[in-house]
Protein chains: 2
Amino acid sequence: MNNVFKALADPHRRELLDLLYKENGQTLGDLCKCMSMSRQGVAKHLALLEVAQLVVVVWQGREKLHYLNPVPIQQIHDRWIGKFEGERLQALETLRKALDDQNDA
Amino acid sequence: MNNVFKALADPHRRELLDLLYKENGQTLGDLCKCMSMSRQGVAKHLALLEVAQLVVVVWQGREKLHYLNPVPIQQIHDRWIGKFEGERLQALETLRKALDDQNDA
DNA sequence: TTGACATGCAACCATATGGTTGCATAATGA
DNA sequence: TCATTATGCAACCATATGGTTGCATGTCAA
């Protein structure tokens, strides 16, 4: 799970996910055309996305096709964001009250 | 938005959010008791959470109370995760087919 | 007023991170 | 076969990051 958060921390990697979202199954070369960075730079980012299992690769001859795997993102939502979401209104209310108290003092 | 992703990337910072989730409005000192790290180390992490607006502070005398702000997390869900969620089943199906093709070849 | 407490600021350090270049390997197609 | 194409691996570099320590500042309470 930590790998997923770390992988999502870099804007270039989120951009790669966006590119695969627009068109799934792209090769490294395809993705490089959209990124202003060396091929090896892009490959490194993709490697981290693979470790986090946000991207799954399928070899086809000498081409490496990259596919989006939505499962880890779903898990982040279910196990982590959903938790905060549930108490969202209460947290906001607590915060509002604390700010009010501060203004009174 | 990038600040939020970066803030969430570190496990210690996610732990701090968890601590505030359990008990909102804690001071730096309170939070330090639960973290095996120097006070300044914790303060640095909290500073990043503040920049990302995941945590909002309220001064009360010499004490700094930390409150969870659920808004950025909600935004990540709405603007980012929700997007991938929508196409989740389709992405999985595309991936499954690609893996099948690989096995055939 | 003064000592203790809660926090901030700044310097410093080791390691992680993001990027590059150069060369190696393997598949394709003429 | 052989040039081309697609990718991998490794070394290297600059900067970011996560942590520390030491000292400064401001507030509380006796």
Side-chain angles (χ1 to χ4, degrees), chain A residues 1-20 23-52 54-67 98 101-105, chain B residues 1-20 23-52 54-67 98 101-105:
Chain A
M1 184 63 71
N2 189 40
N3 284 336
V4 181
F5 277 107
K6 285 209 163 184
L8 292 176
D10 186 278
H12 290 132
R13 288 194 285 271
R14 294 198 301 275
E15 192 179 347
L16 284 168
L17 293 181
D18 276 336
L19 289 171
L20 291 178
E23 185 175 344
N24 216 349
Q26 295 191 65
T27 67
L28 170 58
D30 293 335
L31 294 167
C32 282
K33 287 171 197 155
C34 306
M35 308 283 293
S36 47
M37 190 189 301
S38 72
R39 176 180 58 82
Q40 289 83 346
V42 176
K44 275 196 178 185
H45 283 300
L46 285 171
L48 293 187
L49 290 170
E50 280 181 52
V51 168
L54 284 160
V55 160
V56 174
V57 300
V58 173
W59 278 96
Q60 207 158 70
R62 65 180 166 180
E63 289 189 328
K64 192 184 190 183
L65 307 181
H66 297 78
Y67 289 88
D101 290 352
Q102 186 181 228
N103 289 337
D104 290 346
Chain B
M1 185 63 70
N2 190 40
N3 283 337
V4 181
F5 276 108
K6 286 208 163 185
L8 292 176
D10 186 279
H12 289 131
R13 288 194 285 272
R14 295 198 300 276
E15 192 180 347
L16 283 168
L17 293 180
D18 274 337
L19 288 172
L20 291 178
E23 185 175 342
N24 215 350
Q26 294 191 65
T27 67
L28 171 58
D30 293 335
L31 295 166
C32 282
K33 287 171 198 157
C34 307
M35 308 282 293
S36 47
M37 190 188 301
S38 72
R39 175 179 59 83
Q40 287 84 345
V42 176
K44 275 196 178 182
H45 284 300
L46 285 171
L48 294 187
L49 290 170
E50 280 181 52
V51 168
L54 284 160
V55 160
V56 175
V57 300
V58 173
W59 278 95
Q60 207 159 68
R62 65 181 166 180
E63 289 189 328
K64 193 183 188 182
L65 306 181
H66 297 78
Y67 288 89
D101 290 351
Q102 185 182 229
N103 288 337
D104 290 347

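Below, read A as the first sequence line, B as the second, and so on, with proteins coming before strands; counting in each chain starts at 1.
Rounding to whole angstrom units, CG of residue B:L16 and C1' of D:dG18 are separated by 13 Å. In this structure, B:E15 atom CD and D:dG18 atom P are separated by 14 Å, rounded to whole Å. Residue A:D10 contributes atom CG, which lies 14 Å from atom C1' of D:dT15 at whole-angstrom precision. Atom CZ of B:F5 is separated from atom C1' of C:dG18 by 19 Å (rounded to the nearest Å). Straight-line distance from the CG atom of A:L46 to the C1' atom of D:dA6: 13 Å, rounded to whole Å. Rounded to an integer number of Å, the gap from NE2 of B:H66 to P of C:dA6 is 14 Å. In this structure, B:N2 atom CG and D:dA16 atom C1' are separated by 13 Å, rounded to whole Å. If you take NZ of A:K33 and C1' of D:dA6, they are 11 Å apart, rounded to a whole angstrom.
Residues A:A7 and A:L48 come closest through the heavy atom pair CB-O, 4.3 Å. For the pair A:G25 and A:L20, the tightest heavy-atom approach, listed with the atom from each and the gap, is N-CD2, 4.4 Å.
Each of D:dG19, C:dG18, C:dT7 was ranked by its minimum atom distance to the side chain of B:L28; first place goes to C:dT7. Taking only side-chain atoms of B:M37, from C-beta outward, the nucleotide of D:dG8, D:dG19, D:dA6 with the closest atom is D:dG19.
Between B:L48 and B:Q40, it is B:L48 whose nearest contact on DNA chain D lies nearer the 5' terminus.
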Please encode protein proximity along nucleotides 24-30 of chain C as a string of B, S and -, counting only heavy-atom distances under 4.0 Å. ---BS--

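A:G41 comes within 4.0 angstrom of a nucleotide base, judged by non-hydrogen atoms across all strands.
In this structure, B:H12 reaches the D:dG19 phosphate: one of its side-chain N or O atoms is under 4.0 Å from OP1 or OP2. At C:dT20, one or more side-chain N or O atoms of A:S38 fall inside 4.0 Å of OP1 or OP2 (strictly under the cut-off). Regarding contacts with the backbone of C:dG8, every side-chain N or O of B:K44 stays at 4.0 angstrom or more from both OP1 and OP2.
Atom CD of A:Q26 sits about 6.0 Å away from atom CG of A:L19, to the nearest 0.5 Å. Here the straight-line distance linking atom NE2 of A:H66 with atom CG of A:N24 works out to 11.0 Å at 0.5 Å rounding. Taking CG of B:L54 as the reference point, atom CG of B:L16 lies at 11.0 Å (rounded to 0.5 Å).
Remark: the backbone N or O of A:L8 is not paired with any side-chain donor or acceptor of A:R13 at under 3.5 angstrom.
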Without placing hydrogens or testing angles, list every side-chain donor-acceptor pair under 3.5 Å for residues 28-37 of chain A, not counting sequence neighbours.
unit_1	atom_1	unit_2	atom_2	d
A:D30	OD2	A:T27	N	3.0
A:D30	OD2	A:T27	OG1	3.2

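Atom CD of A:E15 has more than 12 neighbouring heavy atoms from other residues, nucleotides or ligands inside a 6.0 Å radius.
The rotation axes computed at either terminus of the helix from C:dT1-D:dA30 to C:dA30-D:dT1 lie 20° apart, taking five pairs at each end and rounding to 10 degrees.
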